[in-house]
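Everything below concerns the one structure shown next.
Residue numbers count from 1 along this sequence.
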Amino acid sequence: MLQLSRFYVPKKVREYLKWRKVPFENVPNEFFDAIAEKFKKFHADNPLISIVLIAWNEEENILPTLASLANIQSKHSIEIIVVNNNSTDRTQDFLDRCNVKSVLETRPGIAKARNAGLKAAKGKYVISGDVDTIYLPEWPDKMVQPMLDDSNVVCTYSLHVFYDDDNHYPLALYIYQYIKLIGIYLKNFKRPHLNCGGASSAYVREVALKFGGYDESLKRGSDGTLAFELSKFGKIKLVSTPKAFIYTSARRMKADGPITKALWIRLKNNLKYFTHYFTTQKTR
């Protein structure tokens, strides 16, 4: 059964967010050292799980993400890789100081960066993430468990909770997220691949390599397209537990304008595509 939950940002997540926009030179050495020490365990030679994130000029957002990943608790061997998509700011300095394994992809583009991470990954399972996002300690284990339990499951995804960059959480933001959730549940019936975003989705690496990974010809939608191709080999499953929730910036949602406008756009889209949710997408 799909699980409903409140869309709030817990205190422990807000603690990480205090490190947003802190300049590299203002971060205490002891904070960096603590993260770097914890990242030693994420350099496994033979990992079961590869967590792969991509970054382009994310010096203002990357430290909270790395701090949250450093506190991951897993019963499995894990490697964490961040693909630096040719950043021109201090993104790489943060990665190096935190002892994070990184890959440089000079070609611009989300799909190209994600393919560079896929190529570098060694785990049986790849979990995709972003560096403006906060992750909970149990997130990786919850993401791969459906694939461990059932070999017919080749891809999973979890739910997003938005954090507001100015730390204001108006009622409209909560309403927006519940309307979005309705769309997610509707798509989950016949078109679950449309819910598989790059900030929190997992898949079987060997299956993704069969068709070449992410489609680099696409400027947008390469994550969902990857999931659609994966669905030809098995099932996609929603991981609905709050322990797999991710906390991501509302900045892209706000690009549509005020929250009320974004809310209206989301509602109209749900109504516009309502009948599509109950039909299977045709094979490309």
Side-chain angles (χ1 to χ4, degrees), residues 9-44 47 50-74 78-110 112-117 119-121 127-137 139-140 160-168 197-200 246-255:
V9 179
K11 182 179 178 181
K12 59 184 176 182
V13 170
R14 296 192 190 197
E15 288 297 317
Y16 292 125
L17 293 176
K18 290 179 180 179
W19 294 99
R20 289 186 70 248
K21 298 186 179 182
V22 177
F24 181 86
E25 59 272 11
N26 290 355
V27 179
N29 282 327
E30 55 268 27
F31 188 72
F32 271 139
D33 290 341
I35 295 175
E37 181 64 27
K38 292 176 180 179
F39 261 89
K40 287 181 179 179
K41 64 179 179 289
F42 300 131
H43 290 262
S50 296
I51 298 174
V52 180
L53 301 90
I54 63 173
W56 177 72
N57 288 349
E58 291 285 2
E59 66 176 0
E60 292 188 346
N61 300 300
I62 196 168
L63 187 56
T65 300
L66 298 180
S68 71
L69 291 173
N71 287 321
I72 280 175
Q73 299 169 3
S74 176
I78 292 178
E79 68 171 349
I80 296 178
I81 302 169
V82 176
V83 179
N84 180 352
N85 199 192
N86 214 28
S87 299
T88 56
D89 63 359
R90 302 201 70 175
T91 294
Q92 189 63 47
D93 291 336
F94 277 99
L95 294 173
D96 293 340
R97 186 64 179 84
C98 290
N99 189 30
V100 180
K101 180 180 179 182
S102 63
V103 173
L104 177 64
E105 173 53 70
T106 58
R107 299 176 301 158
I110 292 173
K112 294 180 178 67
R114 294 214 185 277
N115 272 336
K119 182 179 179 180
I127 305 179
S128 172
D130 287 334
V131 295
D132 61 353
T133 303
I134 306 299
Y135 297 97
L136 300 180
W139 172 66
H160 297 55
V161 178
F162 286 122
Y163 66 77
D164 199 334
D165 293 344
D166 58 12
N167 209 28
H168 294 150
S200 183
I246 66 166
Y247 299 84
T248 192
S249 172
R251 57 180 174 167
R252 294 182 181 88
M253 180 267 291
K254 285 188 172 183

Please identify each residue that fulfils side chain to side chain donor-acceptor pair (under 3.5 Å) with [X], with sequence neighbours left out.
X	result
T106	none
N85	none
R14	none
K18	E15

Minimum heavy-atom separation for [X] and [Y], please, with both atom names.
X	Y	value
T133	T65	O-OG1, 2.8 Å
I78	A44	O-CB, 3.6 Å
A55	T91	CB-CG2, 4.0 Å
V131	I54	CG2-O, 3.6 Å
L66	F94	CD1-O, 4.2 Å
S128	R114	OG-NH1, 3.0 Å

- In terms of heavy-atom contacts, does NZ of K41 have more than 12 from other residues, nucleotides or ligands at under 6.0 Å? yes

[atom1]-[atom2] distance between [X] and [Y], expressed to the nearest 0.5 angstrom:
X	Y	atom1	atom2	value
L17	N61	CG	CG	9.5 Å
W56	T88	CH2	OG1	7.0 Å
L104	L95	CG	CG	11.0 Å

Validation row: [X], [Y] side chains within 4.5 angstrom (heavy atoms):
X	Y	value
H43	N99	yes
L53	I62	no
Y163	S249	yes
I72	F42	yes
I134	V9	no

- Task: Can you sort out the partners of L136 under side chain to side chain contact (heavy atoms under 4.5 Å, CB included), two or more places apart, ordered by chain and number?
- Result: K12, V13, E138, Y247

- Task: Under the side chain to side chain contact (heavy atoms under 4.5 Å, CB included) rule, collect the residues that match up with S200, sequence neighbours excluded.
- Result: W139, M143, S158, I246

- For E59, enumerate each residue passing the salt bridge (charged side-chain N to carboxylate O under 4.0 Å, His left out) test, keeping only those at least two apart in sequence or located in another chain. none

- salt bridge (charged side-chain N to carboxylate O under 4.0 Å, His left out) partners for K101, two or more places apart: E79

- Message: Under a plain distance cut-off of 3.5 Å, with no hydrogens placed, do S102 and Q92 share a side-chain donor-acceptor pair?
- Response: yes

Per-pair distances, 0.1 Å, donor-acceptor, side chain in residues 22-40, under 3.5 Å, sequence neighbours excluded:
residue : atom : partner : partner atom : Å
E25     : OE1  : R90     : NH1          : 3.2
D33     : OD1  : R97     : NH1          : 3.1
D33     : OD1  : R97     : NH2          : 2.8
E37     : OE1  : K40     : NZ           : 3.0
K38     : NZ   : N71     : OD1          : 2.6

